[in-house]
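Here's the structure, in structure tokens; my notes come after.
A, B, ... follow the sequence lines: proteins, then strands. Residue 1 opens every chain.
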Amino acid sequence: MTTHHLDAPVADAALADLRAGDRVEVTGTLYTARDAAHKRMAEDIQKGREPPIPLRGQVIYYVGPTPPRPGSIIGSAGPTTASRMDKYMEALLQRGLKATIGKGYRSPPVVEAMKHHRAVYLVAVGGTGALLSKHIRSVRVVAYEDLGTEAIREMRVERFPVVVGNDIYGGDVFQEGVKRYAEIQVDAKPRYE
Amino acid sequence: MRSVPARAVEEKVRDLCIDINYHMPRDMLQAFERARETEVSPPGREVLTQLLANARTAASEGLPYCQDTGTAVVYIRQGEEVRVEGRLEEAVHRGVSAGTREGFLRGSIVRDPLRRQNTGDNTPPVLHVEREPGDKFHIAVMAKGSGAENMSQLRMLTPADGPDGIRRFVLQVVREAGPNACPPVTIGLGIGSTFDTVAWLAKKALFRPLGRRNPDPYYADLEVALLRDINRLGIGPMGFGGKNTALDLRIETAPCHIAALPVAVNLECHAHRVREAEL
Ligand code: SF4
């Protein structure tokens, strides 16, 4: 498996080499947001206001961490299911969002939209919140503080390990994986929610 | 009549809530290791290596295994010769609240399903109490993550669907869930009873120890056959492809109506956090 290094915020050119299934280590600044923060950002946009964080070139990490112990900066901080944020993606991609980090599938329209806007979806191993937390260097709440674990945080990470889920060419790690290893077929469509 | 003070229930629930989130059960770790040995897909093996490392980090660094520390599902089996001194429900509630605060766990419960205000201390829990003969008092706590719970399904099949229909449904549920349930998963399969109870049968199956076959050989065989087929779907650890999609499948059944075949598939992620204690 190839391992790439990716700086965040992201320069367009850095995404050209990434292919679904590649390993990536992300270093730099991310923003965290999950269900409730996305809903608020969507409401802001609908009312003609800009979201409270810059989006151009940025990376959003779908996470709601556990509370830090005294003396720690953060608790456990693994990814949550990405597709719950799918309905908010188009508006964010239009504002220049370049990468998202989560777990699980993205829906076909979002995979298309990412291809169109040349953005990637990165998969962190779901449920490894303890391990991933060790790659987080600093955390600061920057918006929607009242949302608690769902507030938007600015997070500095170092060599944060992910796998490319969807690349800018429409490649999809999950589809390719199942295709390669399936010995039986079932009549089922992935649930994108 | 033996009596158990409510205070003891509260403390036990608190301790279990904390313990399961920091210490992955040994049978799960062994299952990860076995899966890593048999896994043919390189990214799949890599995921299993990370799961083992994550479990070690959780225990040694005092970080919860997963940030979704779950809905607390508390399953009490109370002997008919045991009396609880004080209010049982309240004790369980307080135990979960204390465990969440003292264990630095995440409050993941909203007070109302549509108006969605976080209660802050992960209460209320889901509580099941069953009576049984004798003077034993068992408390089991499960921290049920929502990623896998969201991918669970219930269907009212017809008697004519039989085992084939159940097989089709189970495979469909696992395939539809794919990576979202954080595989390798464990599956609780409830069969029978009525609409309301079949889901609880499925959840109850998840409380049984990993690999503990149904005592009825007919269902034990069905468990093995379904598990084998699930692992031929190719989903693999974290959905990156591979042979280890599920670690176990356990069935619980109950009698049902002549016209009915209720089936519930409760998916559980690799963060299968459940522990039982006796008071
Ligand atoms: S599904 Fe399980 S392992 Fe995955 S994020 Fe949720 S609780 Fe954690």
- Between A:Tyr181 and B:Ile235, is a side-chain contact (heavy atoms from CB on, under 4.5 Å) present by the stated rule, with each step listed? CA-CA 7 Å; A:Tyr181 293 101; B:Ile235 297 165; over 6 Å; no
- Derivation and outcome, side-chain contact (heavy atoms from CB on, under 4.5 Å), residues A:Arg180 and B:Ser41: CA-CA 9 Å; A:Arg180 182 164 319 148; B:Ser41 113; over 6 Å; no
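Contact annotation: the side chain of B:Leu105 never approaches that of A:Thr66 to less than 4.5 Å [non-hydrogen atoms, C-beta and beyond]. Taking 4.5 Å as the limit, some side-chain heavy atom of A:Val178 sits within range of a side-chain heavy atom of B:Arg175. No side-chain heavy atom of A:Val186 sits under 4.5 Å from any side-chain heavy atom of B:Arg168. Proximity of A:Ser83 to B:Asn180: side-chain heavy atoms (C-beta onward) are separated by under 4.5 Å at one or more points. The closest side-chain heavy-atom distance from A:Ile184 to B:Asp229 is below 4.5 Å. Between B:Asn150 and A:Thr81, every side-chain heavy-atom pair lies at or beyond the 4.5 Å cut-off. Looking at A:Asp187 and B:Gln172, their side chains never come closer than 4.5 Å, going by heavy atoms from C-beta outward.
For A:Leu147, no part sits under 4.5 Å from any heavy atom of chain B, backbone or side chain. Interface remark: B:Val173 contributes no atoms to any contact with chain A (heavy atom separation under 4.5 Å). Proximity to chain A involves both the backbone and the side chain of B:Leu171, based on heavy atoms less than 4.5 angstrom apart. With a 4.5 Å cut-off on non-hydrogen atoms, B:Asn21 does not touch chain A at all. Contacts of A:Pro65 with chain B are made by backbone atoms alone, with heavy-atom separations under 4.5 Å and no side-chain atom involved. Of the two parts of B:Phe169, neither the backbone nor the side chain holds a non-hydrogen atom closer than 4.5 Å to a non-hydrogen atom of chain A. For B:Glu102, no part sits under 4.5 Å from any heavy atom of chain A, backbone or side chain. Neither the backbone nor the side chain of A:Lys179 comes within contact range of chain B; no heavy atoms are under 4.5 Å apart. The parts of A:Thr128 that come within reach of chain B are both its backbone and its side chain, each placing non-hydrogen atoms under 4.5 angstrom from that chain. The part of B:Arg167 that comes within reach of chain A is its side chain, from C-beta onward, which places non-hydrogen atoms under 4.5 angstrom from that chain. Of the atoms belonging to B:Thr69, it is side-chain heavy atoms, and not backbone ones, that fall under 4.5 Å from chain A.
A 6.0 Å sphere centred on CZ of B:Arg26 holds no more than 12 heavy atoms belonging to other residues, nucleotides or ligands.
Remark: A:Gln185 CD to B:Leu233 CG distance equals 8.5 Å, nearest 0.5 Å. Atom CG in A:Leu131 sits 12.0 Å away from atom SG in B:Cys66 (nearest 0.5 Å). With rounding to the nearest 0.5 angstrom, the OG atom of A:Ser72 is 9.0 Å from the CD atom of B:Glu61. Note: B:Gln50 CD to A:Leu132 CG = 7.0 Å, rounded to the nearest 0.5 Å. One finds the OG atom of A:Ser76 at 5.5 Å from the CG atom of B:Leu63 (value rounded to the nearest 0.5 Å). Taking CE of B:Met238 as the reference point, atom CZ of A:Phe174 lies at 7.0 Å (rounded to 0.5 Å).
Between chain B and the residues A:Ala20, A:Gly177, A:Pro67, the most heavy-atom pairs under 4.5 angstrom are made by A:Pro67. Of the listed residues (B:Pro179, B:Gly145, B:Ala177), the greatest number of heavy-atom pairs within a distance under 4.5 Å of chain A belongs to B:Pro179. Taking B:Gly242, B:Gly236, B:Ser146 one by one and counting their heavy-atom pairs under 4.5 Å with chain A, the maximum is reached by B:Gly242. Contact tally against chain B (heavy-atom pairs below 4.5 Å) for A:Lys103, A:Arg69, A:Glu183: the top residue is A:Arg69. Counting heavy-atom pairs closer than 4.5 Å to chain B, the top-ranked of the candidates A:Ala188, A:Ala182, A:Gly127 is A:Gly127. When B:Lys243, B:Gln153, B:Arg56 are compared by the number of non-hydrogen pairs under 4.5 Å with chain A, B:Gln153 comes out ahead.
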